[in-house]
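Just so it is clear, the values below take in all heavy atoms, side chains as well, and ignore hydrogens, waters and symmetry mates.
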Amino acid sequence: MDRRSLLTAGAALAAGLALPIRAPAAELSPLPNPPPPISRAERQTRLDKAQRLMREQGLTALLVEPGASLVYFTGVRWGRSERLTAAVIPAEGEILVVTPFFEEPSVRETLAVPAELRTWQEHEDPLALVAGWLREKKLAAGAVGVEETVRFFAVEGLQKHLPDTPVRSGARVVRACRMIKSPAEIALMQHAADITVAAYRHTAPRIERGMTPGDIGAIMNGATRALGGSPEFALILLGEASAYPHGSGKPQAVRDGEVVLMDCGCTYQGYQSDISRTLVFGEPTRRQRTVWEHMRRGQQIAFEAAQLGVEAGAVDDAVRRYYASLGYGPDYKLPGTSHRTGHGIGLDGHEPINFVRGERTRLAPGMCLSNEPGIYIPGEFGIRLEDCLYMTEQGPKWFSVPPASIDRPV
């Protein structure tokens, strides 16, 4: 569970609510023409690229624990625990997967690339097994990389068994692969976004006076499942709580004239959507309309600034200049935008790179990021519209089209 999901559940529990698991959406059915899953050939292409980058960067092997990167390279979907399951990608040749003996059949179920699989028993040290394989393959003489989310005990164990082998970050290899999405990945992300948009269209007209965040989230999650997606999060912020990007634990209910901010997403074949919509229950005030329009324009400025070859940080800079001209901020001060303009997205909801000040990486085809420069007014309300984009050879393209006005918020 990520931080946003934890806050969603925590806010509901703090308000004395039982967060419903699902809500009926019998009139909905899965969206047609779903894209195919990632092919075995594409995963092999990913491994080939990673191995080329490893050789260029002087790494002989790369250790990857369960999570999005393990799925990306091997297809293996597995959870982390004190029992190590991991892949070792050599700079050349077939990869190794290590796992507890009793987990081998389950791990094989999702393994999608050729690999040697070695197991360890409960009394054995899995890092000794990894170190032995590296020596056997004559890979221990060079530097070994670790994926950036690998836990300390794995790094420490590897260093203990290979004291003369440099252990370095492999982030540059993994990021260079995962940041650039293939057409197949973009198709899966587009389908996830289409599911979330359709779920919003189902949910928004069903919001009623007195509903809690849990009530609205249940409708959204039920619609997402019925449409063929797996709900990832449904953060619902009502009234003053919308002024705080990740919400409040205070009791909330839908009231006339107050803001309803929804930040929701799902996964499809592991790839994520992340879309926010802000509406007013009843007739918006002039101030609500004005702030909504300012925020929508800020989102468009970010989209227009996100051109090929532009440093990602410049997108954030462009939005903040516009907001400062209206009297917001400056910088991260409130009222204004207290967070970055956007984040990378793919198999993880948040992944490199970001639309944030100082990010020097230049935008390139295949990069996918959110665009969400919300405006927050503490004690009153917040407005956040969030739509993800992907970079093409012609420039940015939306996964979901932003709403035209506060009167047509979904």
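Atom CZ in Phe399 sits 6.0 Å away from atom OH in Tyr390 (nearest 0.5 Å). Here CE of Met262 is found 5.0 Å from OG1 of Thr203. Values are rounded to the nearest 0.5 Å. How far SG of Cys368 is from CD of Glu185: 8.0 Å, rounded to the nearest 0.5 Å. Within the model, atoms CD of Gln190 and OH of Tyr271 stand 15.0 Å from one another, a figure rounded to the nearest 0.5 Å.
Salt-bridge check for Glu27 with Arg206: passed, with a basic side-chain N closer than 4.0 Å to an acidic carboxylate O. Note on Asp317 versus Arg321: no salt bridge recorded, every NZ/NE/NH1/NH2 to OD/OE distance being 4.0 Å or above. Using a cutoff of 4.0 Å between basic side-chain nitrogens and carboxylate oxygens, Arg175 and Glu147 are not scored as salt-bridged. The pair Lys160-Glu156 does not count as a salt bridge, with every side-chain nitrogen at least 4.0 angstrom from each carboxylate oxygen. With respect to the salt-bridge test (charged N to carboxylate O, under 4.0 angstrom), the residues Glu94 and Lys137 do not qualify.
Remark: aromatic rings of Tyr328 and His294 are close, center separation under 6.0 Å. In this structure, the ring of Tyr376 has its center less than 6.0 angstrom from the ring center of His339.
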Practice problem: Evaluate side chain to side chain donor-acceptor pair (under 3.5 Å) for Gln272 paired with Asp348, printing each intermediate quantity in order. | Solution: CA-CA 7 Å; Gln272 300 208 15; Asp348 283 318; 5.3 Å; no
Quiz item: Please walk me through it: do Leu134 and Val88 pass side chain to side chain contact (heavy atoms under 4.5 Å, CB included)?
Solution: CA-CA 9 Å; Leu134 289 169; Val88 183; 4.0 Å; yes
Exercise. Given side chain to side chain contact (heavy atoms under 4.5 Å, CB included), test Arg135 with Leu162 step by step and report yes or no.
Key: CA-CA 9 Å; Arg135 290 194 195 95; Leu162 297 173; 3.6 Å; yes
Exercise. In sequence, state the C-alpha distance, the side-chain angles, and the governing distance for Trp133 and Glu116, and then conclude on side chain to side chain donor-acceptor pair (under 3.5 Å).
Key: CA-CA 10 Å; Trp133 185 85; Glu116 179 182 356; 3.2 Å; yes
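Inspection of the Ser69 and Arg178 side chains reveals an N or O donor paired with an N or O acceptor under 3.5 Å. Using modelled atom types and a 3.5 Å distance limit, the side chains of Asp263 and His246 yield no donor-acceptor pair. Side chains of Glu372 and His343: a donor on one and an acceptor on the other come within 3.5 Å. Checking Ser370 against Asp274 by side-chain atom types alone, no donor-acceptor pair falls below 3.5 Å. Judged by distance alone, the side chains of Glu42 and Ser182 do bring a donor and an acceptor atom under 3.5 Å apart. For the residue pair Asp125 and His161, a side-chain donor N or O sits within less than 3.5 Å of a side-chain acceptor on the partner. With no hydrogens or angles considered, a side-chain donor-acceptor pair links Glu240 and Tyr244 at under 3.5 Å. The closest side-chain donor-acceptor pair between Asp215 and Thr212 falls under 3.5 angstrom.
Within the 4.5 Å cutoff, the side chain of Thr60 has heavy atoms near those of the Val144 side chain.
Atom CZ of Phe101 has 12 or fewer heavy atoms from other residues, nucleotides or ligands within 6.0 Å.
Heavy-atom minimum distance, Arg296 versus Leu385: CD-CD1, 3.8 Å.
Both cation-pi conditions hold for Arg46 and Tyr72: the charged atom is under 6.0 angstrom from the six-membered ring centre and inside a 45 degree cone around its axis. Judged by a 6.0 Å distance limit and a 45° cone about the ring axis, Arg83 is not positioned over the six-membered ring of Phe102.
Looking only at distances, a side-chain donor or acceptor of Arg362 sits under 3.5 Å from a matching main-chain atom of Gly309. A side-chain donor-acceptor contact under 3.5 Å links Glu359 to the backbone of Thr361. When atom types are taken as modelled, the side chain of Tyr322 and the backbone of Arg297 share no donor-acceptor pair closer than 3.5 angstrom. The closest donor-acceptor contact from the side chain of Thr341 to the backbone of Asn371 lies at 3.5 Å or more, if one exists at all. At distances below 3.5 Å, not a single donor-acceptor pair connects side-chain atoms of Arg172 with backbone N or O atoms of Gln57. Checked by atom type and distance alone, the side chain of Arg384 pairs as donor or acceptor with a backbone atom of Pro245 at under 3.5 Å.
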